[in-house]
Amino acid sequence: IVNTATAPTLEITYSMVEDNVDPATGKAIDDRLQLTLKNTGTAPLDGLEVYYEMTDVVTGQTEAYYQKLDGITIPAGQETTVYFDNTTDPGHFPENQFSIYRSSTNEVDFAIQASAPGAKIATATAVKATGTGEKVD
C-alpha cells in the first residue's frame, strides 16, 4: 500500500485469525481473517484497502494478499468489521482457501495494513497457532 498521509484517523482495533468472535452477538464464529476498522476522524473514510502478509514461522514461506474494500465506508467516530472468508455478505471478501493460513500446520504470523485516502496506514498483527482447522475451545 502506498499512502503518505499522516493523520492517525484509521485504526485496526481488532485483528483475529482463530478463535474468532462475532462482534454483534459475542458468539464464536469459524476461523478467518477478521478486522475491525475504526474511524477516529471527523469525516467518513472510504476507498479502503487492506494488505496482509502471512509467514510460516518454521519454513519461512510467505504469502501476501491485497484487497480493495469496495462498498465499505466508515462514518466519523464509527467502526466496522470486515471478514476474509469467501462469502458474499456485505463486509465479506475473498480468501485463498489454499493459502499457508489454511494449509500449514506450523504457526503462521500475519502482518496487516489498512489504508484510506487521507488517513495514516493502520497496522496490526495476528497469529494462527500450530495446527490446522477448527478446534473446540
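Between the side chain of Glu18 and the backbone N or O of Ala129 there is at least one donor-acceptor pair closer than 3.5 Å. Between the side chain of Asp56 and the backbone N or O of Thr59 there is at least one donor-acceptor pair closer than 3.5 Å.
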Review point. Gln34 and Asn20: side-chain hydrogen bond (donor to acceptor under 3.5 Å, both in side chains), yes or no, with the steps?
Key: CA-CA 7 Å; Gln34 176 182 345; Asn20 298 54; 2.9 Å; yes

Point to revise | Intermediate values then yes/no, side chain to side chain contact (heavy atoms under 4.5 Å, CB included), Ile72 and Phe93 | key: CA-CA 11 Å; Ile72 301 292; Phe93 297 91; 3.8 Å; yes

Check your understanding: Are Leu33 and Tyr83 close enough, and set up right, to give a side chain to side chain contact (heavy atoms under 4.5 Å, CB included), and what steps lead you there?
Key -> CA-CA 6 Å; Leu33 174 56; Tyr83 308 87; over 6 Å; no

Practice item. Decide side chain to side chain contact (heavy atoms under 4.5 Å, CB included) for Asp31 and Val17; before the verdict, give the C-alpha distance in whole Å, the side-chain angles of both, and the deciding distance to 0.1 Å. Key: CA-CA 6 Å; Asp31 291 350; Val17 293; over 6 Å; no

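Atom CG of residue Leu69 and atom CG of residue Leu35 lie 8.5 Å apart, to the nearest 0.5 angstrom. Note that the OG1 atom of Thr73 and the CG atom of Leu45 stand 9.0 Å from one another [nearest 0.5 Å]. In this structure, the separation between CG on Leu37 and OG1 on Thr81 is 7.5 Å, given to the nearest 0.5 Å. Rounding to the nearest 0.5 Å places CD1 of Ile100 at 5.0 Å from CD of Gln61.
Side-chain contact between Asn39 and Leu10 is absent, with no heavy-atom pair separated by less than 4.5 Å. With contacts defined as side-chain heavy-atom distances shorter than 4.5 Å, the pair Ile112/Ile12 qualifies. Residues Thr130 and Asn106 have side chains not in contact (no heavy-atom distance under 4.5 Å, counting atoms from C-beta outward).
The closest side-chain donor-acceptor pair between Tyr65 and Gln67, if any, does not fall under 3.5 angstrom.
In terms of the salt bridge (Lys or Arg N to Asp or Glu O under 4.0 Å) criterion, residue partners of Asp85 (sequence neighbours excluded) are, by chain and number, Arg32.
Pairs engaging residues 1-13 under the side-chain hydrogen bond (donor to acceptor under 3.5 Å, both in side chains) rule: Asn3-Ser115 [sequence neighbours left out]. Counting only residues at least two apart or in different chains, side-chain hydrogen bond (donor to acceptor under 3.5 Å, both in side chains) contacts with residues 40-53 comprise Glu49-Tyr66.
Aromatic ring centres of Phe110 and Tyr101 lie closer together than 6.0 Å.
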